[in-house]
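Numbers restart at 1 for each chain; the letters A, B, ... are given by sequence-line order, proteins then strands. Remember, predicted model here, so these are calculated numbers, not experimental data.
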There are 2 protein chains.
Amino acid sequence: MIFAALADPTRRAILARLTEGEATVGELAEPFDISLPAVSRHLKVLEAAGLISRTRSAQWRSSRLEAGPLREATAWMEDYRRFWDESFDRLDAHLKRTLARNEENHHD
Amino acid sequence: MIFAALADPTRRAILARLTEGEATVGELAEPFDISLPAVSRHLKVLEAAGLISRTRSAQWRSSRLEAGPLREATAWMEDYRRFWDESFDRLDAHLKRTLARNEENHHD
DNA sequence: AGTACATTTAACTTATTGGTTATTTAACTG
DNA sequence: CAGTTAAATAACCAATAAGTTAAATGTACT
């Protein structure tokens, strides 16, 4: 559920905005060129994923970032860390070989 | 793109399987109750996201885990770490309060 | 050359997603 | 209480995703 919530760029932008503090739906919608209901539904998705919580006060609903699911997501990715180090090593080796070959060829 | 690729549970299971080493499409498909073409397309999505690379040899295509994009994804999430600590603190405080209240009520 | 095998591509179906506008809900305000 | 404001919901539409079966591709085997 969390990855699906993060898959949309508008939702990621909303999360980024919320790092600066709570905001109302209207405020969150402002930078985007989409309708308010569209934003409202993005917020619903984020809330369902546990990435935001909302409080109502008068006619404003304030959204607040809840990063817990991100912690879980990184925990899941941790299992792959050893592989990305390895991938990097392989990439690194590859780049070095390529570079060396270039040096040989047109040794200017 | 990476988050969308990770959003599907079948694809995450495929990645998990690949931590045990390279595998052919048939081998990857085996644990799932879906058709081979379906698996083939999941692999295409993973490849497009840079999460696997593939080598052809005879009639088998072997898939290998490429964890680089996961590194980038965690890097992106790093920006939110301060918030999840904070969320945790808040959750923790909440749990402690709740626990204390329970202790009071039915102090068994 | 002909067949078998592993995989991909094509064509199609169904469900989900992300957007729209119009309507409804809820709370404040004069 | 009527009107305004903020947001959510409803009803709808187009695009995408995930699955299917059937056909095509590419390589190996005899």
Side-chain angles (χ1 to χ4, degrees), chain A residues 1-66 69-70 73 76, chain B residues 1-66 69-70 73 76:
Chain A
M1 178 135 256
I2 172 148
F3 290 122
L6 295 177
D8 186 275
T10 300
R11 286 196 289 269
R12 288 197 302 274
I14 289 173
L15 291 180
R17 162 65 184 78
L18 288 176
T19 63
E20 294 165 23
E22 303 194 10
T24 66
V25 178
E27 288 166 351
L28 290 172
E30 197 273 321
F32 304 107
D33 196 24
I34 60 179
S35 68
L36 224 81
V39 172
S40 183
R41 289 207 315 190
H42 279 308
L43 292 174
K44 204 167 177 175
V45 172
L46 290 171
E47 188 176 29
L51 285 163
I52 64 170
S53 62
R54 291 196 276 180
T55 54
R56 61 285 293 144
S57 118
Q59 61 264 68
W60 295 273
R61 321 281 162 101
S62 201
S63 294
R64 160 203 274 274
L65 184 60
E66 297 291 345
L70 294 177
W76 178 83
Chain B
M1 178 134 257
I2 172 146
F3 290 122
L6 295 176
D8 186 276
T10 301
R11 286 196 289 266
R12 287 197 302 274
I14 288 173
L15 291 181
R17 161 66 185 80
L18 288 177
T19 63
E20 294 164 23
E22 302 194 12
T24 66
V25 178
E27 288 165 351
L28 290 172
E30 197 272 321
F32 304 106
D33 198 23
I34 60 179
S35 68
L36 224 79
V39 173
S40 183
R41 289 208 311 188
H42 279 308
L43 293 174
K44 205 168 175 174
V45 172
L46 290 171
E47 189 176 28
L51 284 162
I52 64 170
S53 61
R54 292 197 276 181
T55 53
R56 62 282 295 143
S57 117
Q59 60 264 69
W60 293 273
R61 321 280 163 104
S62 202
S63 294
R64 160 203 274 276
L65 183 60
E66 298 291 345
L70 294 177
W76 178 83

Hey, does the side chain of A:R61 come within less than 4.0 Å of C:dA27's phosphate (OP1/OP2), counting only N and O? no
Within the side chain of A:R11, is there an N or O that forms a donor-acceptor pair under 3.5 Å with the backbone of A:A5? yes
Does C:dA6 have OP1 or OP2 sitting under 4.0 Å from an N or O in the side chain of B:T24? no
Does OP1 or OP2 of D:dG19 have a side-chain N or O of B:H42 closer than 4.0 Å? yes
Write down the distance between CD1 (A:I14) and C1' (D:dA7), rounded to a whole number of angstrom. 14 Å
5'-most contact on DNA chain C: B:S62 or A:A38, nearest heavy atom basis? B:S62
Would you kindly give the CD-to-P distance between B:E27 and C:dC5, to the nearest whole Å? 17 Å
Which whole-number value in Å describes the distance from A:F32 CZ to C:dT20 C1'? 18 Å
What's the CG-P distance between A:L43 and D:dT9, to the nearest Å? 12 Å
Picking from D:dA7, C:dA27, D:dA28, which would you name as closest to the side chain of A:V25? D:dA7
Between A:V45 and A:S57, name the one whose nearest nucleotide on DNA chain C is closer to the 5' end. A:V45
Which heavy atom in A:I2 sits nearest to a heavy atom in A:A73, and how many Å separate them? CD1-CB, 4.3 Å
Between the side chain of B:R61 and the main-chain N/O of B:T24, is any donor-acceptor distance below 3.5 Å? no
Using atom CZ of A:F3 as one end and atom P of C:dT17 as the other, report the distance to the nearest whole Å. 17 Å
State whether A:R11 places a side-chain N or O below 4.0 Å from either non-bridging phosphate oxygen (OP1 or OP2) of C:dG18. yes
Looking at the side chain of B:Q59, which of D:dA7, C:dA6, C:dT7 is the nearest nucleotide? C:dA6
Rounded to the nearest angstrom, tell me the gap between atom CG in A:L36 and atom P in C:dT21. 12 Å
Distance below 4.0 Å between B:K44 side-chain N/O and C:dT7 OP1 or OP2: no
Return the value, rounded to whole Å, for the distance between atom CG of B:L28 and atom P of C:dA6. 14 Å
Does B:R56 get its side chain close enough to the base of D:dG26, under 3.5 Å, for a donor-acceptor pair? no
Nearest to the side chain of A:R41, heavy atoms from C-beta on, is which of D:dA11, C:dT8, D:dA18? D:dA11
Please report the distance, rounded to the nearest Å, between CG in A:D33 and P in C:dG18. 17 Å
Do you know which two heavy atoms are closest between B:R64 and B:L18, and how far apart they sit? C-CD1, 4.4 Å
Heavy-atom closest pair, residues A:F32 and A:T10: CZ-O, 3.9 Å
B:S40 side chain near C:dT8 phosphate (N/O to OP1/OP2, under 4.0 Å): yes
